[in-house]
Each structure stands twice: as structure tokens, then as C-alpha cells.
Amino acid sequence: RAGVVHGALSHLVGVTTKAEFAAAAVRGFTSNLLPEKRSELARQIYSWANEAPADSRRPLEGYYDERSGKLVTYTPDARPVLFEELTSPEGPLVRTAMVQREEHVMQPWVSRMEPFILVGPEGA
């Protein structure tokens, strides 16, 4: 339980606005839930913070943009995949909205070089 709380609270370090707090809390507190429960909790967190998610139909698909000071939705990276990426052993990383969201979930731990366990579906 302490690990879950620590992981969730690690997303709140350095937040400066209520909207940023809401987005960070959603990211931190929903990352360990089953997918069907994540949106439900995200809506509740935004409601408690008296903030509206960037997309009310998809409350998990947003983040706080420091430059604009607003909650915005993730947008797929339109950068073309290079041939060198296709032929590299690692393969290309296509930064879809979902990939960007998961990068944001891991970002606090990676930036502080904290250990974490990444669990996903078999074969992922």
C-alpha cells in the first residue's frame, strides 16, 4: 500500500496550479487501477478539484500544459518514422496519445532514477 501511495504522490511534486494538481492526481492515483475503473476515479478527482478535464468523454486523455496553463489532450506525434528506426533492433516508437500518457506516468520515477516495475499484458 505504501508503494501505491508513494507512486501516486510522486506525481504531485512541484505542481503549482489547481489544474496541474488535478491532472497529476489523476495520473498518479489511476495508474494502478483496472482500466474500467480509471475513468471513473479520474472524473471524481476532477470533480473534487472543481476542474474540467480536457475532454470530458475521455478524462484520462489529458495533461496540464505549462506553456498554455491549461489542461489539453494528448495528440499523436505526426513525425514520420525513419527507415533507420525500422531497421534498428529496438524498432520505432510511434508516440500515440496512449504512449505519451504512459510516458507521463513513468516520468517522475525516470527523472529521479527511482526503481519501478512495469507490468503489462503478456507479450507487450
Side-chain angles (χ1 to χ4, degrees):
R1 293 178 198 220
V4 171
V5 172
H6 178 270
L9 295 178
S10 68
H11 288 272
L12 303 176
V13 174
V15 299
T16 57
T17 68
K18 189 169 64 160
E20 184 180 19
F21 175 86
V26 165
R27 203 169 40 251
F29 285 103
T30 64
S31 63
N32 290 315
L33 296 178
L34 295 172
E36 57 272 7
K37 295 292 184 183
R38 290 178 185 169
S39 291
E40 185 180 327
L41 180 58
R43 284 186 182 90
Q44 189 63 53
I45 291 171
Y46 281 118
S47 174
W48 288 333
N50 200 27
E51 290 287 334
D55 183 342
S56 60
R57 293 166 299 165
R58 300 175 306 151
L60 298 170
E61 301 300 319
Y63 67 99
Y64 179 77
D65 180 51
E66 290 182 15
R67 284 178 280 168
S68 68
K70 297 179 181 178
L71 293 167
V72 297
T73 57
Y74 292 106
T75 55
D77 187 352
R79 184 184 66 83
V81 175
L82 303 174
F83 179 75
E84 294 80 26
E85 294 174 308
L86 291 173
T87 58
S88 75
E90 297 84 29
L93 174 63
V94 178
R95 295 190 70 238
T96 63
M98 183 184 293
V99 167
Q100 292 173 56
R101 183 180 70 225
E102 299 307 328
E103 285 176 333
H104 262 138
V105 168
M106 295 181 286
Q107 188 275 331
W109 311 313
V110 171
S111 68
R112 291 190 294 272
M113 298 186 70
E114 294 179 3
F116 63 95
I117 297 173
L118 186 60
V119 179
E122 187 174 334

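We number each residue from 1, following the sequence as shown. The structure presented is a predicted model; accordingly, all values stated were derived computationally and were not measured.
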Are Val15 and Tyr64 close enough, and set up right, to give a side chain to side chain contact (heavy atoms under 4.5 Å, CB included), and what steps lead you there?
CA-CA 10 Å; Val15 299; Tyr64 179 77; over 6 Å; no

Nearest non-hydrogen partners of [X] and [Y], listed with the distance:
X	Y	value
His11	Gly28	CD2-CA, 3.4 Å
Ala22	Ile45	O-CG2, 3.9 Å
Leu33	Arg38	O-NE, 2.9 Å
Ala52	Leu71	O-CD1, 3.2 Å
Ala19	Glu51	CB-OE1, 3.7 Å
Leu60	Ala42	CD2-CB, 3.7 Å

Please tell me if the side chains of [X] and [Y] come closer than 4.5 Å, counting only heavy atoms from C-beta onward.
X	Y	result
Asp65	Lys70	no
Tyr63	Thr73	no
Lys18	Asn50	yes
Asp77	Val94	no

Let me check something: do [X] and [Y] share a hydrophobic cluster, defined by ILVMFWY side-chain heavy atoms less than 4.5 Å apart, either directly or through other members?
X	Y	answer
Val5	Phe29	yes
Val72	Val26	no
Phe21	Trp48	yes

Show me the pairs that pass side-chain hydrogen bond (donor to acceptor under 3.5 Å, both in side chains) and involve residues 80-104, at least two apart or across chains.
Glu61-Arg101, Tyr74-His104, Arg79-Glu85, Arg95-Glu103

Are more than 12 heavy atoms, taken from residues, nucleotides or ligands other than Glu66, located less than 6.0 Å from that residue's CD atom?
no

In Å and rounded to the nearest 0.5 Å, what is the CG to CZ distance from Leu12 to Arg27?
9.0 Å

Name each donor-acceptor pair under 3.5 Å that joins a side chain in residues 106-120 to protein atoms two or more places apart or in another chain, with its distance.
from	atom 1	to	atom 2	distance (Å)
Trp109	NE1	Ser10	OG	2.9
Ser111	OG	Gln107	O	3.1
Ser111	OG	Pro108	O	3.1
Arg112	NE	Glu114	OE2	3.1
Arg112	NH2	Ser10	O	3.4

With Asp55 via salt bridge (Lys or Arg N to Asp or Glu O under 4.0 Å) - residues at least two apart:
Arg57, Arg58

